[in-house]
Undergrad: 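After the structure tokens below, expect a handful of questions from me.
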Amino acid sequence: MNAFPKVSRRSFLVTAAAAGGGLSLGFHVPYARGATAQEMAPEVNAWVVVKPDDTVVVRIARSEMGQGTLTGLSQLVAEELECDWKKVTTEYPTPGQNLARNRVWGNFSTGGSRGIRESNDYVRKGGAAARMMLIQAAANDWKVPASECSAQNSVITHTPSGRTTTYGKVAAAASKLEAPKEITLKDPKDWKVAGKSVPRLDTVDKVTGKQIYGMDLKLPGMLTATIKDCPVFGGKVKSFDAAAVQKMPGVKHVVPVGETAVAVVADTWWQAKKALDALPIVWDEGPNAKVSSKDIAQMLKAGLDAPEAVVGNQNGDVKAGLASAAKKIEAVYSYPFQNHACMETMNATAVWTADKCEVWTPTQNGEAALAAASESSGHPAAKCEVYKLHLGGGFGRRGAVHDWVRQVVAIAKQVPGTPVKLIWSREEDMLHGRFHPITQCKLTGGLDAQGNLTSLHMRISGQSIVAAIFPQNIKDGKDPVVFQGLNPPGPEASLGYTIPNLLIDHAMRNPHVPPGFWRGVNLNHNAIYIECFIDELAQAAGIDALEFRRKLLANSPKHLGVLNAVAERAGWGKPAPAGVHRGLCVTMGFGSYVAGCAEVSVSPEGVVKIHRIVAAIDCGHAVNPQQIEMQLEGSFVYGLSAMLYGECTVKNGRMEQENFDSYRVLRIDGMPKVESIVMPSGGFWGGVGEPPIAVAAPAALNAIFRATGKRIRDLPLKHHSLKKA
Amino acid sequence: MARLNVNGKDHTANVDPETPILWVLRETLGLTGTKYGCGIASCGACTVHVDGEAVRACAVRVSAVEGKKIVTIEGLSPDGSHPVQKAWVALDVPQCGFCQPGMIMAVAALLKQKPKPTDADIDANLTNICRCGTYVRVRAAIHAAAKA
Ligand code: FES
Ligand code: FES
């Protein structure tokens, strides 16, 4: 018996050919409806399938959205499995299968930089268990003790006799064995595949156009839809005149979607888009129709001095400490709404029938997508299925909230039996984001006569993502995620600084704009607030920014480790090239320690050039150093885009930016050189996709101060003139 | 009815002549390697070659390309062997990959004009957006492809 409950061993992935017409490309597409499921090679266990030709299929529950988790998790499984890395392929189990098999693959959620750090243990065990079962099967066949056999590169050897066989030959027998109970994992220092910068498994199809993203799916008989949700959050559809567009080319249906949206379903997306643009819609804009960014700023400002606030981190007596400080510094910072602006807009395809609902979509959390499909379809989850497709970016937008899945199911329900693909226009995607939360922060610091930081009060006022999305997780009014990077010492996101009198608190102020988890989440603005203010304090104390931090980090060796590494590599304290100025940042989030040193020049006309960022990360264990470097580089683009230009503003209750012309992002001409230091110190598993993003902006802002003497406290930078007076 | 030549083959497409070639490629011809990112010629995800020049397919009507030769990512090379594609694989450039077909087509056209581009040439000519932030490796891969 296998320890993992088994369903019939059918392929979850049926080839396009098996699915019948319409799927013209020779790729694997998850397609179940009407398909004859092929019998597939036996799964040794839930994580590992070995085909007779020794191909190893590693099942990956988390979603690949560019961050490399597919490759990293495969490396971990392969490491323990002792299989031939060249023969490793991957597949996604479906959320429905996970449900049916008692969640054998665990959590599907791919956010919070969790992909590897939270599943490394059980996927490695899955690989190790499979190896032991394969060896046992060979030993049984040879009638020798398994302890006399070993495996390497998918080949099993009976050491005394020198006999060999391969995984493919014994996989069927292995799959019938009981799973081992005692599993010992390798010491990471013995890793051969994990820990190495092996190339990604998913690159080739991405350079030939073969990779199929959600938007590219084509099913037989499929129609395509596009949608307009009330641009004012909280508004509704009052009426629409379907007859006005019903006869336009290709238009098949004009349908309401819930109370707030209208969709046009047509033969092609372009036809649907043309008709939707022409469709007369009258909105009931609801209670938020007059709200603007100014009102929201006012609302947040009131929170900066409000008597009521929830404490996130506290020690000593900040009031007394500040009262007795030799020098007191105060500053107010702010950070705006941001849109994720994934390159691929939100999309999904659904087929609804009276007894079933199937959805194909790029999602960071297949299980949450399944729940959304179930809710919207009126069918229990057991009668729904979600097939995950490749994501054209996620960044948090495609994780917690599956608004587009609800929509496509609501549309498909109105055309039973017909597959409908819903693709949002970029404009819809910009207007209906789940925005980076908006906050302001007031910091008050007290220095003693020697310039030591003795007291710090940090008051954050603003939006709570958790209150909007997981209100059940708010305990005693506290959203714990608000304090990312500012927490007391701990393994997740602690403030490294030891300050005798400290108070960090939050006054929750929730405007009507829906917030979401945006790569880096609250660490983005928290790191800007604290790390720029630490520089302000160092300046006031007349102490070098590195020395000032080092002193405060005496009890935080890992924070200190990454900070020292970047300072040394960047040449802190040594002269920079003419006109170039440096700025520092150190922080912790998602279980990892990160630091950055930015080198910036500002021309007399005020043009900022970020030349280089030296960055270090200590993520405990590094599964694929090159992928980690890529995450550092990539996250800086995201963080610097926001710092330089990124801002979604509100007018008349709706967002003002509708496309990349008004929501400017970083392009290659603004990209600094990035020097990455991946320095895993071992003993813990930290995240990689998000922690580094937070260091780019504060380091650059601190460098800009040194270049210009101007302290930028409200973002984005585009609102400030840095021209030499 | 529109007539167009894509990747060396003639096609007739039963579409409104006003339709942007992006959607004719994706929806009528099934060439989904060319991506939609903005629809306003801003992001470059839809970049294809028209008579050898990089063009943003979301902003060109199908009626405007009659008699011209369109090449998409699927037709850049038969097997991913174009020097740009090879450099992209060698340096593991893509992250999510969604912007990469457009990026690669833009770079292939740039290298035709400027076989040895400087960093300044790259900055001035390559305006495609990559939200995953692959620019560091894109730049390195362009130089690698130029050397190949
Ligand atoms: S989709 Fe054409 S440039 Fe963005
Ligand atoms: S690789 Fe994801 S947008 Fe460029």
Side-chain angles (χ1 to χ4, degrees), chain A residues 24-25 64-68 199-200 202-213 215-216 218 224 249 267-271 273-274 340-345 390-395 423 425-427 626-627 630 633-638 641 659-661 665-669 671 673-674, chain B residues 15-16 18-20 22-24 26-28 30-40 42-45 72-77 79-80 82 84-86 88-90 92-101 104 120 122-124 126-139:
Chain A
S24 52
L25 298 163
E64 174 61 50
M65 50 188 158
Q67 83 282 38
R200 295 173 65 115
D202 54 349
T203 294
V204 174
D205 283 355
K206 288 177 178 173
V207 306
T208 55
K210 278 211 190 83
Q211 176 72 59
I212 294 298
Y213 297 83
M215 194 183 276
D216 304 329
K218 191 169 182 191
T224 305
D267 286 327
T268 70
W269 189 81
W270 183 249
Q271 292 167 334
K273 167 89 163 59
K274 293 284 276 187
H340 297 83
C342 302
M343 279 312 294
E344 182 193 25
T345 58
H390 205 83
L391 290 78
F395 313 121
I423 303 176
S425 65
R426 174 59 62 190
E427 288 75 14
Q626 171 164 286
Q627 288 308 310
M630 285 166 72
E633 294 157 10
S635 72
F636 292 167
V637 175
Y638 219 64
S641 286
N659 210 319
F660 290 119
D661 50 352
V665 298
L666 195 78
R667 300 177 197 240
I668 201 166
D669 62 347
M671 185 67 202
K673 290 202 172 64
V674 176
Chain B
V15 295
D16 177 348
E18 297 289 289
T19 311
L22 169 63
W23 297 102
V24 180
R26 288 183 54 82
E27 303 199 288
T28 315
L31 295 169
T32 53
T34 307
K35 303 302 186 199
Y36 164 73
C38 70
I40 59 164
S42 176
C43 74
T72 70
I73 187 73
E74 290 90 347
L76 184 64
S77 69
D79 49 3
H82 187 280
V84 175
Q85 290 169 313
K86 278 173 42 190
W88 249 240
V89 171
D92 237 357
V93 172
Q95 290 190 25
C96 85
F98 194 83
C99 72
Q100 300 297 344
I104 289 168
I122 293 169
D123 287 346
L126 190 63
T127 57
N128 293 41
I129 294 173
C130 172
R131 287 293 279 159
C132 296
T134 58
Y135 301 132
V136 167
R137 270 154 225 268
V138 165
R139 188 185 298 281

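Note on naming: letters A, B, ... go to the chains in the order of the sequence lines (proteins, then strands), and numbering restarts at 1 for each one. Source: prediction; values computed, not measured.
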Undergrad: What option among B/Gly33, B/Cys38, B/Pro101 has the most heavy-atom pairs under 4.5 Å with chain A?
TA: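 The answer is B/Cys38.
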Undergrad: Among the options B/Gly133, B/Cys96, B/Cys99, pick out the one with the most heavy-atom pairs lying under 4.5 Å from chain A.
TA: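 Among B/Gly133, B/Cys96, B/Cys99, the one with the most close pairs to chain A is B/Cys96.
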Undergrad: Is B/Ile122 in contact with chain A via its backbone, its side chain, both, or neither, using a 4.5 Å heavy-atom distance?
TA: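 Contact with chain A: backbone and side chain both.
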Undergrad: Check step by step if side chain to side chain contact (heavy atoms under 4.5 Å, CB included) holds for A/Met630 and B/Arg137.
TA: CA-CA 8 Å; A/Met630 285 166 72; B/Arg137 270 154 225 268; 3.1 Å; yes
Undergrad: For chain A, which of B/Glu18, B/Glu74, B/Arg26 has the most heavy-atom pairs under 4.5 Å?
TA: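 Heavy-atom pairs under 4.5 Å are most numerous for B/Arg26.
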Undergrad: Does a side-chain N-to-carboxylate-O contact under 4.0 Å join A/Asp202 and A/Arg200?
TA: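 Salt bridge flag = yes for A/Arg200 with A/Asp202.
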Undergrad: Sort out for me which of B/Thr134, B/Asn128, B/Thr127 touches chain A most, counting heavy-atom pairs under 4.5 Å.
TA: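 Highest number of heavy-atom pairs under 4.5 Å: B/Thr127.
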Undergrad: Which bit of B/Val24 comes within less than 4.5 Å of chain A, counting heavy atoms only: side chain, backbone, both or neither?
TA: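 For B/Val24, no heavy atom lies under 4.5 Å from chain A.
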Undergrad: Is it the side chain or the backbone of A/Ser425 that comes within 4.5 Å of chain B heavy atoms, both, or neither?
TA: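 Answer is both: backbone and side chain atoms of A/Ser425 are under 4.5 Å from chain B.
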Undergrad: List in chain and number order the residues that pass ring-ring contact (aromatic ring centres under 6.0 Å, His included) with A/Tyr638, two or more places apart in sequence or in another chain; answer none if no residue qualifies.
TA: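 Listed in chain order: A/Phe395, A/Trp518.
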Undergrad: Knowing that exactly one of B/Gln85, B/His82, B/Lys86 qualifies, which makes a side chain to side chain donor-acceptor pair (under 3.5 Å) with B/Ser77?
TA: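 Of B/Gln85, B/His82, B/Lys86, side chain to side chain donor-acceptor pair (under 3.5 Å) with B/Ser77 is met by B/Gln85 alone.
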Undergrad: Pick whichever of B/Gly44, B/Pro94, B/Ala120 has the most heavy-atom pairs under 4.5 Å with chain A.
TA: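 Greatest number of close heavy-atom pairs with chain A: B/Pro94.
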Undergrad: Please identify each residue that fulfils ring-ring contact (aromatic ring centres under 6.0 Å, His included) with A/Phe660, with sequence neighbours left out.
TA: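 Per chain and number, A/Phe660 pairs via ring-ring contact (aromatic ring centres under 6.0 Å, His included) with no residue.
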Undergrad: What part of B/Leu76 gets closer than 4.5 Å to chain A, counting heavy atoms only: side chain, backbone, both or neither?
TA: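 For B/Leu76, there is no contact with chain A at all, as no heavy atom is under 4.5 Å.
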